[in-house]
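The shown structure was predicted, so the numbers you read here are calculated from the model rather than taken from an experiment.
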Amino acid sequence: MRKYTLIFNAIIGFLVCSSATSLALNYRLEMLGTLGGQSSAAYGINDHGQIVGYAHTPGYTTRAFLYENGVMINIDTLGGLSSVANDINNAGQIVGDMYTSSYQYHAFFYENGVMNDIGTLGGNECYANAINDAGQVVGYSSSLAGPSYAYLYENGTMVNINPVRAAYGINNNGEIVGYSYHPGIEATYHCGDIDNEIPVSYLGAIDGDWSWAWDINDQGQIVGQSETSIPGEYHAFLYENGVMNDLGTIPNGDSSFALAINNKGMVVGKAWDPSGRMHAFLCIDDEMLDLNSLIDPEVDWTLAVAYDINEYGDIVGTALSPDLTVGRAFLLYNEDADRSLPIPEPLTLVLLIASLFGLYRRFTRVVV
């Protein structure tokens with residue numbers, strides 16, 4: 001029996017360590033370029049390393065892009081002047097916004113080389129901010145009544161998530177975060193069941209009346225920014241177990257925004273130094289690191305904003321030129337991440353552990 005106990009413990013230990021927050025970090029910086037114009041920005045990355053965002057063309061127009069295998073692909077528009085890709089899931093489905101030929105902003109859903117306009121809540125404008133692996137899309141749209149409200153789009157249907165005014169993140173459990181008015185701007189959490197009679201929870205603030213939620217992971221950890229006790233100062237927060245934790249800012253900085261979190265609890269965003277210059281950050285176990293401290297000091301571009309992070313710790317965002325006039329999309333590729341095995345989803349991990357425990361119980365009953 002001891003033999004099987006040791007095997008079981010070893011497997012469980014491996015699984016726990018594989019899903020732990022700690023992740024070796026050794027970053028290689030890659031500047032992604034443009035579509036022939038001056039600037040670009042990277043807003044989303046999936047676990048396959050596919051990146052989306054926007055880039056300028058030689059004609060100074062803005063186009064959504066998909067970046068993979070070292071190539072930036074223009075995914076164009078539906079006849080309008082501009083487009084921006086905001087997120088991509090592990091199935092390669094992309095969502096974003098486009099300026100239509102009728103001079104309105106509409107959300108799009110892009111899959112297998114085809115871009116589709118997903119409509120609105122009855123008004124003239126709609127924006128898509130995030131998509132989960134099930135293809136559920138969230139954002140905000142103007143309504144027939146005039147105000148904009150958050151929506152959930154799935155299977156060709158757009159549902160109003162009133163009273164949430166804008167949705168910015170959705171996890172694989174269908175849980176949604178954003179903001180509403182309660183009575184001031186306040187971060188919100190929406191459960192996965194849109195028919196729930198009391199679907200919205202207000203998260204409060206670090207100190208004050210103002211907060212905003214940008215992302216939620218599959219463990220229900222939420223990140224965003226909130227007012228502090230100092231007027232005009234905002235700090236990144238991590239909300240879990242009913243508590244909003246102040247993540248602070250970079251050394252000698254004053255304000256910070258947390259924009260994304262992965263399932264390991266690694267948080268990325270932007271913070272301001274005393275001169276007012278933005279710096280991208282990575283926060284692990286409540287320690288906020290300036291991403292510029294993790295790259296070659298000879299690089300003269302400043303990593304200004306980190307917009308997203310995948311499960312391997314790869315980070316995408318925007319870097320600024322030395323004179324702060326040009327922005328370029330960047331990728332920080334984690335050289336030390338173990339990519340030999342797929343990262344288990346939380347539910348899969350729980351089921352696997354339960355199955356192994358069942359086998360263990362069986363062996364302990366049979367083997368003597």
Peer 1: Search all heavy atoms of I51 against all heavy atoms of A42 and return the closest pair with its distance.
Peer 2: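 Closest approach of I51 to A42: CG2-CB, 3.8 Å.
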Peer 1: Any chance the side chains of W210 and Q225 put a donor and an acceptor closer than 3.5 Å?
Peer 2: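 W210 vs Q225: no donor-acceptor pair found between side chains.
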Peer 1: Are any side-chain N or O atoms of N241 and backbone N or O atoms of V243, one a donor and one an acceptor, separated by less than 3.5 Å?
Peer 2: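 No, the answer is negative, given that no donor and acceptor are paired below the 3.5 Å cut-off.
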Peer 1: For Y149, does the six-membered ring have the charged nitrogen or CZ of R165 within the cation-pi criterion, i.e. under 6.0 angstrom from the centroid and within 45° of the normal?
Peer 2: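 Yes, a cation-pi geometry.
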Peer 1: Using the side-chain contact (heavy atoms from CB on, under 4.5 Å) rule, take T302 and N292 through it: C-alpha gap first, then chi angles, then the decisive distance, then the call.
Peer 2: CA-CA 7 Å; T302 300; N292 294 279; 3.9 Å; yes
Peer 1: Is a side-chain N or O of D87 found less than 3.5 angstrom from the main chain of V95, in a donor-acceptor match?
Peer 2: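 No, the answer is negative, given that no donor and acceptor are paired below the 3.5 Å cut-off.
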Peer 1: With distance as the sole test, does S256 use its side chain to make a donor-acceptor pair with the main-chain N or O of A271 at under 3.5 Å?
Peer 2: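 No; judged by distance alone, with no hydrogens or angles, the pair does not exist.
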Peer 1: Looking at CE of M266 and CD1 of I315, how far apart are the two atoms once the value is rounded to the nearest 0.5 Å?
Peer 2: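 So the gap between those two atoms works out to 6.0 Å.
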Peer 1: Answer with yes or no whether the hydrophobic clustering places W214 together with I131; edges join I, L, V, M, F, W, Y residues whose side-chain heavy atoms lie under 4.5 Å apart.
Peer 2: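 Cluster IDs for W214 and I131 differ.
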Peer 1: Is the backbone of Y234 close enough, under 3.5 Å, to the side chain of S255 for a donor and an acceptor to pair up by distance?
Peer 2: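 Answer holds: yes.
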Peer 1: Just by distance, do the side chain of T249 and the backbone of G253 share a donor-acceptor pair under 3.5 Å?
Peer 2: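 Flag not set: sc T249 to bb G253 has no pair under 3.5 Å.
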Peer 1: Any heavy-atom pair between the side chains of M31 and L29 that's under 4.5 Å?
Peer 2: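 A side-chain contact under 4.5 Å exists here.
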Peer 1: Verify side-chain contact (heavy atoms from CB on, under 4.5 Å) between L332 and R28, making sure each step is shown before the conclusion.
Peer 2: CA-CA 6 Å; L332 281 182; R28 169 172 55 84; over 6 Å; no
Peer 1: Is N334 close to Y312 at the side-chain level, that is, under 4.5 Å between some pair of heavy atoms?
Peer 2: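 No; the side chains remain at least 4.5 Å from each other.
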Peer 1: Which distance, rounded to the nearest 0.5 Å, do you find between the NZ of K270 and the OG1 of T318?
Peer 2: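 Here the interatomic distance stands at 9.5 Å.
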Peer 1: For the ring pair F330 and W301, is the centre-to-centre distance below 6.0 Å?
Peer 2: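 For F330 and W301, the ring centres are not under 6.0 Å apart.
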Peer 1: Using only heavy-atom distances, determine whether the side chains of D218 and N171 contain a donor-acceptor pair under 3.5 Å.
Peer 2: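 Result is no, nothing qualifies.
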Peer 1: Counting C-beta onward and ignoring hydrogens, is there a side-chain heavy-atom pair between R63 and D76 closer than 4.5 Å?
Peer 2: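 Heavy-atom side-chain distance check passes, below 4.5 Å.
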Peer 1: Shortest non-hydrogen contact from F108 to A85?
Peer 2: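 Nearest heavy atoms, F108 then A85: CZ-CA, 4.1 Å.
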Peer 1: Quick one: does V177's side chain get under 4.5 Å of I170's, heavy atoms only?
Peer 2: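 Heavy-atom side-chain distance check fails, nothing below 4.5 Å.
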Peer 1: Could you tell me whether the side chain of V164 reaches within less than 4.5 Å of the side chain of N162, counting heavy atoms only?
Peer 2: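 No, too far: nothing below the 4.5 Å cut-off.
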Peer 1: Which residue, L282, L247, D215, forms the side chain to side chain contact (heavy atoms under 4.5 Å, CB included) with V267?
Peer 2: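 Exactly one pass, corresponding to L247.
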Peer 1: Could you give me the CA-CA distance, side-chain angles and deciding distance for L121 and M158, then say whether side-chain contact (heavy atoms from CB on, under 4.5 Å) is met?
Peer 2: CA-CA 7 Å; L121 288 173; M158 184 178 290; 3.7 Å; yes
Peer 1: Show the nearest heavy-atom pair for residues R328 and Q38, with the distance to one decimal.
Peer 2: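 Smallest heavy-atom distance, with atoms named: NE-O, 2.6 Å.
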Peer 1: Side chains of E240 and I222: does their closest heavy-atom pair fall under 4.5 Å?
Peer 2: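 The answer is no; the side chains never approach within 4.5 Å.
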Peer 1: Go through the side-chain N and O atoms of D133 and N90 and say whether any donor and acceptor fall under 3.5 Å apart.
Peer 2: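 Note: D133 and N90 side chains meet the donor-acceptor criterion.
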Peer 1: Rounded to the nearest 0.5 Å, what's the gap from CG on D254 to NE2 on H235? Could you check?
Peer 2: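 That separation rounds to 7.0 Å.
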Peer 1: Find the distance between CG (D246) and CD1 (I206) and round it off to the nearest 0.5 Å.
Peer 2: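 The distance works out to 4.0 Å.
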Peer 1: Evaluate the criterion side-chain contact (heavy atoms from CB on, under 4.5 Å) for residue pair I261 and L238; output intermediate values, then yes/no.
Peer 2: CA-CA 9 Å; I261 183 171; L238 171 63; 3.7 Å; yes
Peer 1: So which atom in L152 and which in Q136 form the shortest heavy-atom distance, rounded to 0.1 Å?
Peer 2: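 It is CD1-CB, 3.9 Å.
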Peer 1: Would a 4.5 Å heavy-atom cut-off, applied to side chains only, mark V223 and L259 as touching?
Peer 2: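 Result no, sub-4.5 Å side-chain heavy-atom pair not found.
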Peer 1: For D47, is there an ion pair with R339 - N to carboxylate O distance below 4.0 angstrom?
Peer 2: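 Salt bridge absent between R339 and D47.
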Peer 1: Is Y105 reachable from Y54 through a run of I, L, V, M, F, W or Y residues, each pair having side-chain heavy atoms under 4.5 Å apart?
Peer 2: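 Looking at the clustering, Y105 is in the same group as Y54.
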Peer 1: Using only atom types and a distance under 3.5 Å, with no angle test, would you say the side chain of N173 pairs donor to acceptor with the backbone of E175?
Peer 2: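 No, because the side chain of N173 does not come within donor-acceptor range (under 3.5 Å) of the backbone of E175.
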Peer 1: If you look only at pairs with a residue in residues 249-270, which of them pass as a ring-ring contact (aromatic ring centres under 6.0 Å, His included), with sequence neighbours excluded?
Peer 2: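 Of all non-adjacent pairs touching residues 249-270, those that pass ring-ring contact (aromatic ring centres under 6.0 Å, His included) are F257-W272.
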Peer 1: Does any non-hydrogen side-chain atom of I176 lie less than 4.5 Å from one of I161?
Peer 2: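 They are in side-chain contact.
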Peer 1: Hey, could you give me the OG1/CG distance between T57 and L35, rounded to the nearest 0.5 Å?
Peer 2: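 Those atoms lie 7.5 Å apart.
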Peer 1: Is the backbone N or O of Q104 less than 3.5 Å from a side-chain atom of T100, with the two atoms forming a donor-acceptor pair by type?
Peer 2: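 Between the backbone of Q104 and the side chain of T100 there is a qualifying donor-acceptor contact (under 3.5 Å).
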Peer 1: Checking N129 side chain against V138 main chain: does a donor-acceptor pair fall under 3.5 Å?
Peer 2: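 It does not hold such a pair.
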Peer 1: Short question: side chain of T77, backbone of M98 - any donor-acceptor pair under 3.5 Å?
Peer 2: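 Side chain of T77 to backbone of M98, a donor-acceptor pair under 3.5 Å: no, none is there.
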Peer 1: Quick one: which of Y99, Y153, Y140, Y151 gives a ring pair (Phe, Tyr, Trp, His ring centres under 6.0 Å) with Y127?
Peer 2: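 Single ring pair (Phe, Tyr, Trp, His ring centres under 6.0 Å) partner of Y127 among Y99, Y153, Y140, Y151: Y140.
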Peer 1: Is L303 linked to L294 within one hydrophobic cluster, defined over Ile, Leu, Val, Met, Phe, Trp and Tyr using a side-chain heavy-atom separation of less than 4.5 Å?
Peer 2: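 Both belong to a single hydrophobic cluster.
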Peer 1: Linking I/L/V/M/F/W/Y whenever any side-chain heavy atoms sit under 4.5 Å apart, do Y67 and Y333 land together?
Peer 2: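 Yes; tracing contacts between hydrophobic side chains, which count when under 4.5 Å, links both residues.
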Peer 1: Can you give me the closest heavy-atom contact between N262 and N217, atom names plus distance?
Peer 2: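 That would be O-ND2, 3.0 Å.
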Peer 1: If you compare all heavy atoms of P274 against all heavy atoms of N252, which two are closest, and at what distance to 0.1 Å?
Peer 2: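 Result for this residue pair: CG-O, 2.8 Å.
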Peer 1: Does a donor on one side chain and an acceptor on the other come within less than 3.5 Å for T157 and N155?
Peer 2: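 No, N155 and T157 have no side-chain donor paired with an acceptor closer than 3.5 Å.
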Peer 1: Would you give the length of the straight line joining atom SG of C126 to atom CG of D97, rounded to the nearest 0.5 angstrom?
Peer 2: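 Separation between the atoms: 8.0 Å.
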Peer 1: Mark yes or no for whether T34, through its side chain, and G36, through its backbone, hold a donor-acceptor pair below 3.5 Å.
Peer 2: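 Yes, the answer is positive, given that a donor and an acceptor are paired below the 3.5 Å cut-off.
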Peer 1: Decide whether Y181 and W212 are clustered together by the hydrophobic rule: side chain heavy atoms of Ile, Leu, Val, Met, Phe, Trp, Tyr closer than 4.5 Å, transitively.
Peer 2: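 Looking at the clustering, W212 is in the same group as Y181.
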